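Position 1 is the first residue of the sequence; numbering continues from there. As the structure is a prediction and not an experimental result, all values here were calculated from the model. When a ligand or atom number is given, it counts from 1 through the structure's own listing order.
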Amino acid sequence: MQAMSKNLFDLSGKVALITGGNSGIGLGFAEGVAKQGADVCIWGRNTEKNAAVVEQLREFGTRVHAVECDVSIEAEVDRSFAQTLEIFGRVDSCFANSGVAKSGRFEEFSTEDWRHVMDVNLDGLFYTFRCAAGHMKQRAEAGDPGGRLIGTSSLGALMGMARVEAYAASKGAVISMMQALAVEYARYGVTANSILPGHIETAMTEDNYANEKFANAILPRIPLRRWGDRSDFEGIAVYLMSEASRYHTGDSLLIDGGFFLY
Ligand code: NAP
């Protein structure tokens, strides 16, 4: 039996790669793990947002860099992963979190929008995890096992939400992918889990929550009585990156203030 260390949540010396880390939930992940001592590499397309968040995260005293990357472009992901390894030397946890949402009546939904959602939310995860899993396997074979793959899915993967079929399908696929990865990479000491955010106030959802009709319909159904915010994702990121979760794999963790239950 290998006993847990005294400080279960210490992430010093570990490196987190967080796609979509310059905003919202991804930024919450980044803030949580940086506070516990992790070095952080953010990927996102927007140079200004990347630069602002790097400044902000450096205040926690760890190494932080951003790489400009569109995760829907295979070659960019390969290049960005290589660049991340050049900067940090390793990736201990990979949070594939970049995502987009498009809504519209199903019979009018364009193929272009369908493809865009799949390109970012599904293909983007595939390209990202292919790099990360390969790297973690190589390390395990060289005597350095471990590694964490964390995919951002959604409550929308579980609930019937009208007019977001593409988004829901892409997020359901994330859960399936993480379960398969959990089994395939367990032999290398790598865990794989999905996080399913509920109704979280971020740039992606601000229009919905500003809509009184939407807020009146949804808020009373959240048992914890508020929208989630990015700080609600710090703890789960730390847990999944830490030694505390070393035997926890293939799971789908719902962070929704109890909405799904009620
Ligand atoms: P957000 O604040 O809009 O963040 C989205 C992030 O994804 C940004 O950092 C954005 O950065 C990045 N991104 C978008 N397209 C990208 C691309 N092609 N390549 C690389 N990065 C890209 O929204 P959020 O709510 O935090 O969303 C984060 C994740 O949580 C998404 O996967 C979303 O589906 C999921 N989620 C959110 C909620 C919610 O209620 N907010 C609920 C369930 C699931 P750039 O624009 O700089 O590229």
Side-chain angles (χ1 to χ4, degrees), residues 17-32 40-54 56-57 66-77 79-81 84 94-103 113 115-128 150-159 161 164 166-175 177-178 194-211 214-215 218-219 222 226-234 236-237 252-257 259-260:
L17 160 60
I18 305 175
T19 77
N22 66 22
S23 170
I25 292 168
L27 178 54
F29 293 154
E31 288 170 323
V40 178
C41 189
I42 296 297
W43 289 7
R45 292 162 308 168
N46 185 306
T47 325
E48 288 80 41
K49 280 200 292 178
N50 284 350
V53 158
V54 166
Q56 188 181 328
L57 290 169
V67 172
E68 212 175 293
C69 177
D70 182 333
V71 296
S72 68
I73 302 173
E74 185 174 7
E76 275 200 31
V77 172
R79 173 196 51 78
S80 300
F81 198 83
T84 304
C94 177
F95 295 80
N97 163 79
S98 289
V100 290
K102 294 245 177 221
S103 60
D113 282 350
R115 274 277 25 113
H116 180 59
V117 171
M118 293 299 167
D119 285 349
V120 179
N121 295 7
L122 186 53
D123 296 13
L125 257 75
F126 164 57
Y127 303 143
T128 306
I150 298 127
T152 302
S153 172
S154 171
L155 177 70
L158 305 181
M159 297 188 78
M161 290 183 180
V164 287
Y167 182 78
S170 72
K171 294 300 187 179
V174 173
I175 296 176
M177 196 194 311
M178 300 323 289
S194 315
I195 294 178
L196 284 64
H199 289 286
I200 318 302
E201 212 165 3
T202 66
M204 183 182 278
T205 52
E206 62 193 358
D207 290 347
N208 289 347
Y209 301 158
N211 177 329
F214 182 88
I218 302 292
L219 256 184
I222 302 178
R226 63 172 177 84
W227 307 121
D229 64 48
R230 71 172 198 260
S231 68
D232 294 313
F233 291 83
E234 293 186 21
I236 193 67
S252 310
L253 298 127
L254 192 55
I255 310 287
D256 72 342
F259 182 78
F260 187 65

Parallel, tilted or perpendicular for W227 and F214, by the 30°/60° rule?
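It falls in the parallel class, under 30°.
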
Parallel under 30°, tilted from 30 to 60°, perpendicular over 60°: which one fits the rings of H199 and Y209?
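Judged by the thresholds at 30° and 60°, the geometry between H199 and Y209 is perpendicular.
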
Nearest heavy atoms of C94 and T128, plus distance in Å:
SG-CG2, 3.7 Å

Flag, side chain of N50 to backbone of G44, donor-acceptor distance under 3.5 Å:
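It does hold such a pair.
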
Do T84 and W43 get their side chains close enough for a donor-acceptor pair, meaning under 3.5 Å?
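A pair is found: one side chain offers a donor N or O, the other an acceptor, under 3.5 Å apart.
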
Give one line per pair: atom of ligand 1, protein atom, distance. Only N/O to N/O under 3.5 Å.
unit_1: ligand 1; atom_1: 2 (O); unit_2: S23; atom_2: OG; d: 2.5
unit_1: ligand 1; atom_1: 9 (O); unit_2: G20; atom_2: O; d: 3.2
unit_1: ligand 1; atom_1: 9 (O); unit_2: N22; atom_2: OD1; d: 2.6
unit_1: ligand 1; atom_1: 11 (O); unit_2: N22; atom_2: OD1; d: 3.4
unit_1: ligand 1; atom_1: 15 (N); unit_2: R45; atom_2: NH2; d: 3.4
unit_1: ligand 1; atom_1: 18 (N); unit_2: D70; atom_2: OD1; d: 2.9
unit_1: ligand 1; atom_1: 19 (N); unit_2: V71; atom_2: N; d: 2.9
unit_1: ligand 1; atom_1: 21 (N); unit_2: S98; atom_2: OG; d: 2.9
unit_1: ligand 1; atom_1: 25 (O); unit_2: T202; atom_2: OG1; d: 2.6
unit_1: ligand 1; atom_1: 26 (O); unit_2: I25; atom_2: N; d: 2.8
unit_1: ligand 1; atom_1: 32 (O); unit_2: N97; atom_2: O; d: 2.8
unit_1: ligand 1; atom_1: 32 (O); unit_2: K171; atom_2: NZ; d: 2.8
unit_1: ligand 1; atom_1: 34 (O); unit_2: Y167; atom_2: OH; d: 2.6
unit_1: ligand 1; atom_1: 34 (O); unit_2: K171; atom_2: NZ; d: 3.2
unit_1: ligand 1; atom_1: 36 (N); unit_2: Y167; atom_2: OH; d: 3.4
unit_1: ligand 1; atom_1: 40 (O); unit_2: G198; atom_2: O; d: 3.2
unit_1: ligand 1; atom_1: 40 (O); unit_2: I200; atom_2: N; d: 3.0
unit_1: ligand 1; atom_1: 40 (O); unit_2: I200; atom_2: O; d: 3.2
unit_1: ligand 1; atom_1: 41 (N); unit_2: I200; atom_2: O; d: 3.1
unit_1: ligand 1; atom_1: 41 (N); unit_2: T202; atom_2: OG1; d: 3.2
unit_1: ligand 1; atom_1: 46 (O); unit_2: R45; atom_2: NH2; d: 2.9
unit_1: ligand 1; atom_1: 46 (O); unit_2: K49; atom_2: NZ; d: 3.3
unit_1: ligand 1; atom_1: 47 (O); unit_2: N22; atom_2: ND2; d: 2.8
unit_1: ligand 1; atom_1: 47 (O); unit_2: R45; atom_2: N; d: 3.1
unit_1: ligand 1; atom_1: 47 (O); unit_2: N46; atom_2: N; d: 2.9
unit_1: ligand 1; atom_1: 48 (O); unit_2: R45; atom_2: N; d: 2.8
unit_1: ligand 1; atom_1: 48 (O); unit_2: R45; atom_2: NE; d: 2.7
unit_1: ligand 1; atom_1: 48 (O); unit_2: R45; atom_2: NH2; d: 3.4

Interatomic distance, CG@N22 vs CZ@R45, rounded to 0.5 Å, equals 8.5 Å

